[in-house]
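Quick note on labels: first sequence line is chain A, next is B, and so on, each numbered from 1.
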Amino acid sequence: MKRSHQETYLEQQEAPSVAEYGKKLEGSSVGGGDDNIDELLAALGYKVRSSDMADVANKLEQLEMVLSNDVVGSSNSFLNDTVHYNPSDLSGWAQTMLSGLSYYPDLDPTRVCDLRPITNDDESCCSSNSSNKRIRLGPWCDSVSSESTRSVVLIEETGIRLVQALVACAEAVQQENLSLADALVKRVGSLAASQAGAMGKVATYFAEALARRIYRIHPSSAAVDPSFEELLQMNFYDSSPYLKFAHFTANQAILEAVTMARGVHVIDLGLNQGMQWPALMQALALRPGGPPSFRLTGVGAPSNREGIQELGWKLAQLAQAVGVEFEFNALTTERLPDLEPDMFETRPESETLVVNSVFELHPVLAQPGSIEKLLATVKAVKPSIVTVVEQEANHNGVVFLDRFNEALHYYSSLFDSLEDSVVIPGQDRVMSEVYLGRQILNVVAAEGIDRVERHETLDQWRRRMGTAGFDPVNLGYDAFKQASLLLALFGGGDGYRVEENDGSLMLAWQTKPLVAASAWKLAAELRR
Amino acid sequence: MSEKRIGIVEKSNNKRQRVTQDRPEFSINDHHDVLLEILRRLDGPSLCSAACVCRLWSAVARNDSIWEELCFQQVSPRPSLSLRSVVSALGGYRCLYFLCIRPVLARLPKLLWTRDQLQLSLSLYCVHYYERLYVGAWIGDAPPSSLMFLRKPVNVV
């Protein structure tokens, strides 16, 4: 029996009601024999067992999702040309449709939609099963980033209203309807206060950011106390794996590039607390054949000159302890593109040069033309390897609403990951949230030069690096192994994953990539 | 040095008689090097128990070579001498074991202990050393610790 247009229409009509009916059936404790064919559906000509209801509803929901997201060309021919046998067997039909459309659902029961009845009870939302507290963002976000969420998720009802209010408020801001936005942001605030878990916290930060945007209170980055900033960053390093992943992966790439070198010179574009370099020095100290001499040029802000000098001294102490010849230079500059190649005092005949940037490139995008100048400077010093770690997100789009949606999705995942790892004591988690909250404020509320959190995806960075004259370097299996081991130590119920992406590594939380690490060398024709 | 012992001897007429006997007494506590060799061959939990027996044993157990042996029990080939100097500079094998290796093994009990895991533990240990160096006198009660994530047990839901 060929599938007719009328049947298509009927199926699309059927899907939500079957799903709802399935939920009602699950919720009610009506016994009924498990072998009984459902009477109501039988009247329509579909044979579905009552015990299979939930499964069928699940499949139909996935099918609807896939059909609405799928590229038009390929699926149309499939829909029109396939012959289906016995379409009254709804379960089997849905299964063949799904496998035919090359959709591999992630049928992990903790991730697929949970077909409990959605009620207004707080207890069902805050039940002891912590996977319920996980933020699930539904179809609204798929249109923005369809590749990142392959698993089907349901929004809990109290979370739905919150997300809808946030998006509505952002839309109002986008359309410059500030009075409506103001009313909505107050509503979001009250909803967020009553929402438990990570969703509530994220929503609170986004609501504050929207309020700042509406009232034009732009947070300027200079107003922050640098020692507080340092405290937050140190805390974020200690309590979550993101910075550790960044440092360890970059170090591994550097180690592999300098195996034969007698002298290593590392230029760190953002020294901060220098937490990356002890591990590298220790690994260099244990290199078979003896350690090379290690020179570090750290770049920082002019206001922090004494801090950087002290940091250099502490690193020197460590270097002496592990037996590595060490030299430290501090370079202070207000903005990275102001750096000139001769400031680095490179010694190409005796040193292998490495340039390292961990979350330092994206602020440079705030001024047009700066990133090209910076990359040209990096190219001019002729490094053997350039390691780049950046957030994997597109928070630099032109349209505010798109940025907002992306950021909401991204930071929800980040907050979720902090929530789930019970390793962190509560106070430290709050500090990590404050650290991330400041980024949220910048992405949403700031504009122009002030907006420094201009994250871009790995593909976008690849294009930039390619245009600037760099070729990618594969990060290799050792880096992958080390990253996997590190993440295994962090627990979080296996939520953290390392993914390999064309030679680069990405740290993902529940399949959503959050941080991307890559390595680059000068393009072939530019190398000596 | 021998001690007098009261022993029971069976005599030919099936009577038992108490006699004082001269027996050379070997006390392990008199021979620290032998004690060291024995402790060196223990596994982690046994070694920790042994270190709690008495003050003498605790002092002997502080010898870093015992802990070095413990750290490298399953790793082969044996690491080089330079590793020993690095680790002693960073605080010694005993601290390495307690701060890094034992929590890692507890967190991942099925882990095959190879050079990679050891290298990672060393890196974490080094970061910890540096952080203590850097932080120094930190304001507030609890100084930050990069090994915090290893300390507390994870609630696996």
Pairwise side-chain contact, E131(B) with D238(A), heavy-atom cut-off 4.5 Å (strictly under):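 A side-chain contact exists here, since the closest heavy-atom pair is under 4.5 Å.
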Indicate yes or no: at least one non-hydrogen side-chain atom of K481(A) is less than 4.5 angstrom from one of Q117(B).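 No - every pair of side-chain heavy atoms lies 4.5 Å or more apart.
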Before you tell me yes or no, could you show the steps for L485(A) and V104(B) under side-chain contact (heavy atoms from CB on, under 4.5 Å), namely the whole-Å CA-CA distance, both residues' side-chain angles and the distance that decides it to 0.1 Å? CA-CA 10 Å; L485(A) 184 60; V104(B) 167; 5.8 Å; no
Quick check: under 4.5 Å, non-hydrogen atoms only, which of residues 242-252 of chain A neighbour chain B?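 The stretch touches chain B at K244(A), F248(A).
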Taking every non-hydrogen atom, the tightest pair across [X] and [Y]:
| X | Y | result |
| --- | --- | --- |
| G274(A) | Y130(B) | O-CE2, 3.6 Å |
| C126(B) | A279(A) | SG-N, 4.5 Å |
| V322(A) | V86(B) | O-CG2, 3.7 Å |

For L133(B) and L315(A): C-alpha separation, side-chain torsions, deciding distance, then whether side-chain contact (heavy atoms from CB on, under 4.5 Å) applies. CA-CA 9 Å; L133(B) 201 65; L315(A) 281 170; over 6 Å; no
[X] [atom1]: over 12 foreign heavy atoms closer than 6.0 Å:
| X | atom1 | result |
| --- | --- | --- |
| Q317(A) | CD | yes |
| F26(B) | CZ | yes |
| R84(B) | CZ | no |
| E37(B) | CD | yes |

L280(A), part contacting chain B, at a heavy-atom distance under 4.5 Å: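 Neither part.
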Checking heavy atoms, do the side chain of Q273(A), its backbone, both or neither come under 4.5 Å from chain B?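 Both backbone and side chain.
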Of the backbone (N, CA, C, O) and the side chain (C-beta and beyond), which part of L122(B) lies under 4.5 Å from a heavy atom of chain A, both, or neither?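 For L122(B), backbone and side chain are both near chain A.
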Indicate yes or no for a side-chain donor-acceptor contact from Q282(A) to the backbone of S123(B) under 3.5 Å, with no hydrogens or angles considered.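 Yes.
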